[in-house]
Number of protein chains: 2
Amino acid sequence: MTVYGGQGDPARTMALLWRGGAPPGTRTAPGPRPGLTVDAIVAAGIALADESGLGGLSMRAVGGRLGTSAMALYTYVPSKRELLDLMYDQAHADLPTGYPAAGPRAAVLAWAADLWDRYLRHPWLLQVSYARPVLGPHEQAVLETLLGILDAMGLPAAVRRTAVSALLHLVRGMAQTAAESRAAAGATGDADEQWWHARAAQLAQVAPDFAQRFPHSTALAQAPAGDGGYDPVAAARAALTGGLDLLLDGLDARNDHGTQVL
Amino acid sequence: MTVYGGQGDPARTMALLWRGGAPPGTRTAPGPRPGLTVDAIVAAGIALADESGLGGLSMRAVGGRLGTSAMALYTYVPSKRELLDLMYDQAHADLPTGYPAAGPRAAVLAWAADLWDRYLRHPWLLQVSYARPVLGPHEQAVLETLLGILDAMGLPAAVRRTAVSALLHLVRGMAQTAAESRAAAGATGDADEQWWHARAAQLAQVAPDFAQRFPHSTALAQAPAGDGGYDPVAAARAALTGGLDLLLDGLDARNDHGTQVL
DNA sequence: TCCTGATTCCGTACGGTGTAAAGTGATGCT
DNA sequence: AGCATCACTTTACACCGTACGGAATCAGGA
């Protein structure tokens, strides 16, 4: 399921997200010196989620990976949800911040490609609900990069707002489709094509009138795929490219005609 | 978090999803006659999720709402995940299947509006990961309706495929943004505007160089919103309309120029 | 009519979760 | 030296999904 985020003390969460590396030399507090760091915990969490998915992410497991207990983490991180927020933001780190290439259209495509790659490398990102009210610095940087490209296209503010949301949702949605069909194929050992055939056979048995009830869907399913056979990841990637093309055409139109409405 | 679906026995799941109402009179099996029905369980689950979200959806709670225990459900439903799949599909029931109105563009907008309404009425739908490999009859009907509209636009198969994905992801994504900002506003008792002001103040304190690091974001945040002030649901709704306009413009271009490449 | 076997229902129990609360030691300042 | 403070451990709690086994219930065959 989609995990919500950012429900704890907002000030604490913000301070953690935007934590500005305390000066490393300074230390004048009694008590044992800290054996862990927030960064180490976040890194362990990310590694664990990469291996076992969000389902395998438990405080005990993260603690175990660091050689301590679950409760030891609570000194550094107020709750699991905040840890997830930190992981989410950290996983967006070190993406390119500029695409000086051949014009804004190519730049948007490159931006989307990099984000797509990041999502498929950390598929659990797609299970953490976007549109949470908390934004961390790295996710903000991704947004800023896109906005920089859109600024070069000379779009009015309202269109930029719409475009940012639409582009983000498109990349996220398509990546989600790709990641989950990949996961589904991996769970059963079957190859993709066999898997689909088996599923189609079950469907035919349980709903023999499918073709009559859903003629348009049937027609589309029978149309040749063209782009790489049955590979669902490639199909989703193609759908992303196509969707981006559609959106960018629309944006170009907004730009050329000088339409300022909306 | 996003809940996965469809991991149990696929044949059993499909049979449940497409269950073709057994003839009501017939009953020739020994043992106590069933006191529950799958439909009743699904309805109870939906009601519970509407009230308490997916977090409040436990087998014990669903059973309690029906006057029985958690384990009593397992006779009808193989697991919680399958129940969630059934709930998900059922919640898509009874949406309009045709929009004969003024042309395909208006039809797409009406289709999206109805789906948006459905999502906001059952926000937990947006936490159940779309792009699961299992499709139920009602969700399939939603897809079929959209495909019927797209067929009337005279688009090639590849473009239809892309358009379906893009449109669905757009509606889902925007609705998710709306639902979650609504939930966030509801959790704290604050009005939206106050909430955002408080959040901005915290951000300014924790990241005083925000405006320098993220000039484009800052510029966009300061541009007047125009469409209904600070109401995040209205803002997301406006973004949806804008995004749909962009996509539909792109689709119109594909149609007029007769371009057949993707 | 009684028996038999299938079927439903449910109490109990197990291993897992996040985290509250209290106890244990190590540490640096006074 | 004394002590407040912090990191960390231990224990415990409430809750979760669901495996298991027994009890109750009923249709059909004898």
field: Closest-nucleotide ordering on DNA chain C, the 5'-leading residue of B:Met71 and A:Met59
entry: B:Met71
message: For a quick check, tell me whether the side chain of A:Arg60 and the base of C:dG18 share a donor-acceptor pair closer than 3.5 Å.
response: yes
- request: Work out how much the helix from C:dT1-D:dA30 to C:dT30-D:dA1 bends between its end axes, five pairs an end, to the nearest 10 degrees.
  value: 20°
- prompt: Hey, does A:Gln140 have a side-chain heavy atom less than 4.5 Å from the side chain of A:Asp89?
  reply: no
- prompt: Separation of A:Leu83 atom CG from C:dT17 atom P, in whole Å?
  reply: 15 Å
task: Find out whether A:Leu203 and B:Trp18 are in side-chain contact, i.e. whether some heavy atom of one side chain is under 4.5 Å from a heavy atom of the other.
output: yes
- prompt: More than 12 heavy atoms of other residues, nucleotides or ligands under 6.0 Å from CZ of B:Arg12: is that the case?
  reply: yes
- prompt: If you look at every strand shown and take non-hydrogen atoms under 4.0 Å, does B:Leu57 touch a base, only sugar-phosphate, or nothing?
  reply: sugar-phosphate
field: A:Gly67 vs B:Tyr74, nearer the 5' end of DNA chain D by closest nucleotide
entry: A:Gly67
query: If you look only at pairs with a residue in residues 38-56 of chain B, which of them pass as a side chain to side chain donor-acceptor pair (under 3.5 Å), with sequence neighbours excluded?
result: B:Arg19-B:Asp39, B:Asp50-B:His122, B:Asp50-B:Trp124, B:Glu51-B:Arg65
- prompt: Tell me: CZ of A:Arg33 to P of D:dA7, nearest whole Å?
  reply: 12 Å
- prompt: When we call it a touch if two heavy atoms are under 4.0 Å apart, what does B:Leu73 touch: a base, just sugar-phosphate, or nothing?
  reply: nothing
- prompt: Between D:dC16 and B:Ser58, is there an OP1 or OP2 to side-chain N/O distance shorter than 4.0 Å?
  reply: yes
- prompt: Which listed nucleotide (D:dC16, C:dG18, D:dC8) is nearest to the side chain of A:Lys80?
  reply: C:dG18
- request: Give a yes/no on whether any side-chain N or O of A:Tyr76 is located under 4.0 angstrom from OP1 or OP2 of D:dC8.
  value: yes
- prompt: Less than 4.5 Å apart, any side-chain heavy atom of B:Leu54 and any of B:Leu57?
  reply: yes
- prompt: Have B:Glu144 and B:Thr97 got a donor and an acceptor in their side chains that come within less than 3.5 Å?
  reply: no
query: Given atom CG of B:Leu84 and atom P of D:dG17, what is their separation to the nearest angstrom?
result: 11 Å
query: Any side-chain heavy atom of A:Thr37 within less than 4.5 Å of one from A:Tyr76?
result: no
message: Taking 4.0 Å as the cut-off, does a side-chain nitrogen or oxygen of B:Arg81 come that near to OP1 or OP2 on D:dG17?
response: no
message: If you compare every side-chain N and O of B:Thr75 against the phosphate oxygens of C:dT8 (OP1, OP2), does one of them come in below 4.0 Å?
response: no
query: Of the nucleotides D:dT18, D:dC8, C:dC10, which one has an atom closest to the side chain of B:Thr68?
result: C:dC10
